[in-house]
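Have a look at the structure below, then the notes.
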Amino acid sequence: MMDKYKRMWRKILKEAIEKESNAPLSPDEIILEIPPRPEFGDLAFPMFSYAKILKKSPKEIAVTLFKRIKRSEVEGKSMGRLQVTGPYLNVYLDRTAVTADLLTSIEESKEDYGNNNNLSGIRIMVEFSCPNTNKPLHLGHLRNDAIGMSLSRILKACSAEVLRVNLINDRGIHICKSMLAYRKFGQNTSPEQAGLKGDHLVGDYYIRFNDWAKDEPGAEAEARKMLKSWEEADPEVRELWEKMNKWAVHGINETYRKTGVEFDRVYFESKTYLLGRDVVLKGLEKKIFYGEEDGSVWVDLSSFDLDKKVLLRSDGTSLYLTQDIGTAVQRYKDWPFDRMIYVVANEQRYHFKVLFKVLDLLGYNWAFNLHHLAYGMVNLPEGKMKSREGTVVDADDLLADLEDLASKEIREKGRESEIDNPGDTCKKIAFGALNYYLLQASPYRDIIFNPQESISFSGNTGPYLQYTGARISSMLRKFEQRKMEFKHGSLHPELLTASDEWEIVKQASSFPGIVTAAAEELNPSLISGHLYEMSKNYSRYYHDYPVLHNKDSNLVVSRIALAKAVRRVLQHGLRLIGVPFLEKM
RNA sequence: GCGUCCGUAGCUCAGCUGGAUAGAGCGGCGGACUUCGAAUCCGUAGGUCGCAGGUUCGAGUCCUGCCGGACGCGCCA
C-alpha cells in the first residue's frame with residue numbers, strides 16, 4: 001500500500017540522481033523519510049548526502065532534481081506532486097488515489113489485510129513460557145507469554161509456518177523442595193480440600209519450604225537427597241512427584257486458558273534431560289569437549305570470548321545447559337526448522353550465547369538459525385519481584401483484579417443491559433488491558449509495573465482501542481439499520497481528503513508495512529503503537545466529523561467506508577497483539 | 001574485578017537506516033455531553049535527551065571517558 005508509493009518515488013529519485021551524476025547508485029543510498037510535520041508533505045528526501053557526488057549544495061540539488069523530474073512528467077498519474085523545501089524534496093501524495101487504493105485493497109483482502117508472503121515456506125519454532133512446576137505463573141510469565149503468542153501470530157501473518165512450543169521445567173532441586181515441604185506439612189491435602197488451584201497449592205509449599213529451611217540447617221541436604229531418590233526412580237518419591245506435578249500443570253493450564261495462551265507442542269524436561277548426555281559424550285569422543293580427572297566433561301570457549309563451561313557433572317548427571325542441548329537436537333529432529341526463536345528473559349543472554357556456540361561446535365549447521373529473544377524484566381516500583389518476599393504479582397490474582405475493575409466500570413457506566421454477555425466482556429477487557437500493557441513497550445527493555453497505576457482503562461491502553469472499535473461497530477450497526485436512507489449514495493474517495501481523514505488513511509495504509517517490520521524486528525510493540533496512533537486520530541475525527549448525520553448520501557457512504565477500513569485494521573491488529581476486539585463494551 | 005544491557009517531562013513509555021520546532025499517556029490546571037458511545041475529545045503547564053568530550057554540513061540516535069542503575073560471570077535452573 002504505502003510501500004507501493006514509497007518504492008515508486010524511490011525509483012524516480014534514484015534515476016534522477018543517476019542521470020545528474022552519470023554514476024550508478026545503490027538503492028539504499030536513497031534516503032526516504034516521513035516528514036515530521038504535515039506541511040512538509042507525506043514523503044521526504046533529504047538532499048544532504050548527494051552534495052559530495054553532485055558537487056552542489058543540498059538546496060541547489062533539490063531544485064535541480066525537482067526540475068529534472070518535472071520535465072520527465074512522472075507526476076500526475078496519481079503519483080502526487082513534488083515540492084522543494086530548502087534542502088528537502090517533499091512528496092505530496094495524491095490523497096484521492098491513495099484513499100481509493102486503500103479502500104479497494106481492504107475490500108479485496110478482507111481479514112487478510114496486512115498479511116504478506118515474506119516468510120512463505122519458512123518454518124519457525126517459537127519457544128516461550130517455560131514454567132516451573134513448583135509455583136504458579138506470575139507477571140514475568142505473562143510478559144513472556146504475551147510476547148510469544150503475539151510473535152507467533154505476527155510471523156504467521158507473514159506466512160511463516162510457526163510451531164509454538166513450551167518446555168515444562170518439571171524436575172530439579174526446586175521441584176523437590178515443594179515436594180518435601182508437602183510431605184512434611186501437607187497432611188495429604190488435595191487442592192480440592194484446600195480450596196486452591198493446584199499450582200497455588202504446590203507454590204504455597206515451595207514458600208513453606210523456604211520458611212522452614214531458614215532455621216533448619218539440614219533442609220537443603222534433605223532436598224538434595226530427595227532429588228537423588230527421584231533420579232533413582234524411587235517409587236514413593238515418583239508417586240508424590242507425579243501427583244504434585246499433575247496439580248501444578250493442571251493449574252498452569254487453567255491460567256493459559258484464561259489468557260488465551262496455546263502451544264502446538266509441549267516438552268517436559270523430565271523427558272528430555274537425559275538426551276543431552278549422549279550428544280555431549282559424542283562430542284567428547286570427537287574431542288570437541290574434554291574430560292577432567294574427576295569425570296566431569298567441559299567445553300573451552302575462551303577463544304570465543306566465553307568461559308569454560310561444565311557439560312556433565314563428575315557424577316555423570318546433566319545440567320541445565322546439557323538439557324538445553326538435548327532439547328534443541330530433539331526438536332530439530334521432531335520438526336526441522338529454518339529458524340528457532342527462544343523467548344527467554346535477558347538475564348539468560350550468556351546461557352544462550354554458550355548454548356548456540358556449543359551446538360555450532362558440535363557441527364549442527366542449524367545452530368546459526370537459533371535466536372534468543374531476550375526480553376526485559378518486569379520490575380516493581382520497589383525493585384525486583386521476589387517470591388521469597390511475597391512481592392511477586394500472581395497471574396491469577398492480577399487477572400481477577402482486572403476483571404473486577406472492568407465489571408465495576410461497566411456497572412458505573414450502566415452498560416450491563418446493552419452488553420450481550422457482561423461476564424465474558426469483563427474477561428476480554430481484562431486481558432486486553434493486560435496484553436496491551438505488556439506489549440506496548442519494546443520487548444528488550446525492562447519495564448516497571450506499578451499495581452496502582454499501570455493498569456488503567458483510559459488513555460494509551462487496550463480498552464481505549466477496544467472502545468474505539470466498539471464505537472465504530474455501533475455506528476456501523478446503525479448504518480445497517482438505516483441503510484435505505486443512503487441507498488442512492490456511492491463511494492467517493494475524493495470526499496475523504498480532509499487532513500484528519502488523510503492521516504487516518506495513511507496510517508491504515510501503512511499497517512501492512514508495520515506488520516512486516518514487527519516480524520523482522522520481532523517486536524509486537526510496533527503494532528500496538530501504530531494502532532494507538534491510528535485510533536487517536538480516528539477518535540478526534542469521529543468527534544469533529546459527523547458520519548451518519550449528513551444530508552449527502554455519498555459523503556455518508558464514503559465515511560462509512562473509511563470507518564470500515566479502520567475497523568478492519570483494528571480487528572486484525574488487535575488480534576496480533578492478543579487484545580480481543582469487542583462489538584460492544 | 002570482567003562482560004552485557006540501559007539512563008528522554010513528576011511517573012510510565014515512543015522516537016524507523018544520524019536529518020527540518022524531541023512526542024504520547026498518566027498525574028496537574030482549565031474547558032466540551034438535548035447530535036453517530038464522555039472508557040471520549042480539546043486547551044495549557046512541564047525537557048540543557050545522566051555528565052563531559054569527539055566524529056559529522058547535521059547527534060536523543062554513532063565513538064571515547066566518567067557518573068548512576070539492572071543483569072550475568074555456579075558440577076543452580
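By convention in this document, chain letters (A, B, ...) are assigned in the order of the sequence lines, proteins followed by strands, and residues within each chain are numbered from 1.
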Atom NZ of residue position A/Lys59 - does it have more than 12 heavy atoms of other residues, nucleotides or ligands inside 6.0 Å?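 It does not: A/Lys59 NZ has 12 such atoms or fewer within range.
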Which residue in the set A/Arg411, A/Glu403, A/Glu409 passes side-chain hydrogen bond (donor to acceptor under 3.5 Å, both in side chains) when paired with A/Ser407?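 Only one of A/Arg411, A/Glu403, A/Glu409 forms a side-chain hydrogen bond (donor to acceptor under 3.5 Å, both in side chains) with A/Ser407, namely A/Arg411.
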Starting from [atom2] on [N], measure out to [atom1] on [X] and report it in whole angstrom.
X        : N     : atom1 : atom2 : result
A/Asp42  : B/C16 : CG    : P     : 20 Å
A/Lys551 : B/C36 : NZ    : C1'   : 15 Å
A/Arg471 : B/C36 : CZ    : P     : 10 Å

Would you mind pulling out the nucleotide paired to [N], Watson-Crick or G-U wobble, both distances under 3.5 Å?
N     : answer
B/G1  : B/C73
B/G43 : B/C29
B/U61 : none
B/G23 : B/C13

Looking at B/U17, B/A39, B/U12, which one has an atom nearest to any side-chain atom of A/Ile448?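 Nearest listed nucleotide: B/U12.
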Less than 4.0 Å between a side-chain N and a carboxylate O, is that true for A/Glu485 and A/Arg482?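 Here A/Arg482 pairs with A/Glu485 in a salt bridge, since their nearest N and O are under 4.0 Å apart.
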Using a strict threshold of under 4.0 Å (side-chain N to carboxylate O), is an ion pair present between A/Arg7 and A/Asp3?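 No salt bridge links A/Asp3 with A/Arg7.
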How is [X] classified with respect to the nucleic acid when contacts are heavy atoms under 4.0 Å: base, sugar-phosphate, or nothing?
X        : value
A/Ile447 : sugar-phosphate
A/Glu347 : sugar-phosphate
A/Ile410 : base
A/Gln323 : nothing
A/Ala51  : nothing
A/Lys478 : sugar-phosphate
A/Met585 : base
A/Leu548 : base

Can you find a heavy atom in the side chain of A/Ile175 that is under 4.5 Å from one in the side chain of A/Thr133?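 Touching, per the 4.5 Å side-chain cut-off.
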Given side chains that start at C-beta, do those of A/Thr64 and A/Lys56 come closer than 4.5 Å, heavy atoms only?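 A side-chain contact exists here, since the closest heavy-atom pair is under 4.5 Å.
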Pairs under 3.5 angstrom, nitrogen or oxygen only, protein versus nucleotides 30-35 of chain B, please.
unit_1 : atom_1 : unit_2   : atom_2 : d
B/U35  : O2'    : A/His549 : ND1    : 2.9
B/U35  : O2'    : A/His549 : NE2    : 3.4

Examine B/U40: is either OP1 or OP2 under 4.0 Å from a nitrogen or oxygen in the side chain of A/Ser539? Give yes or no.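 Negative; the distance criterion is not met.
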Cationic tip of A/Lys353 within the cone over A/Tyr350's six-membered ring, i.e. under 6.0 Å and within 45° of the normal?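 No, A/Lys353 and A/Tyr350 do not form such a contact.
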Ignoring hydrogens and geometry beyond distance, is the side chain of A/Asp324 in donor-acceptor contact with the base of B/A77 at under 3.5 Å?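 No such pair is found, so the answer is no.
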When you compare the ring of A/Phe48 with the six-membered ring of B/C57's base, are the centres less than 5.5 Å apart and the planes under 30° from each other?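 The base of B/C57 is not stacked with A/Phe48 (the test needs centres under 5.5 Å and planes under 30°).
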B/A20 base stacked by A/Phe40 (centroids within less than 5.5 Å, tilt under 30°):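 Stacked: centres under 5.5 Å apart, planes under 30°.
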Please evaluate residues A/Tyr464 and A/Tyr436 with respect to the criterion ring pair (Phe, Tyr, Trp, His ring centres under 6.0 Å), reporting the C-alpha separation (whole Å), side-chain torsions for both, the decisive distance (0.1 Å), and the verdict. CA-CA 10 Å; A/Tyr464 174 83; A/Tyr436 187 85; 8.9 Å; no
For nucleotides 22-26 of chain B, give me every protein contact, N/O to N/O, under 3.5 Å, one pair per line with atom names.
unit_1 : atom_1 : unit_2   : atom_2 : d
B/A24  : O2'    : A/Tyr532 : OH     : 3.3
B/G25  : O2'    : A/Asn460 : N      : 3.2

Between A/Phe457 and A/Tyr467, is the gap from one ring center to the other below 6.0 Å?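 No, ring centres 6.0 Å or more apart.
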Centre-to-centre under 6.0 Å for A/His174 and A/Tyr206, is that the case here?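 No: the rings miss the under 6.0 Å criterion.
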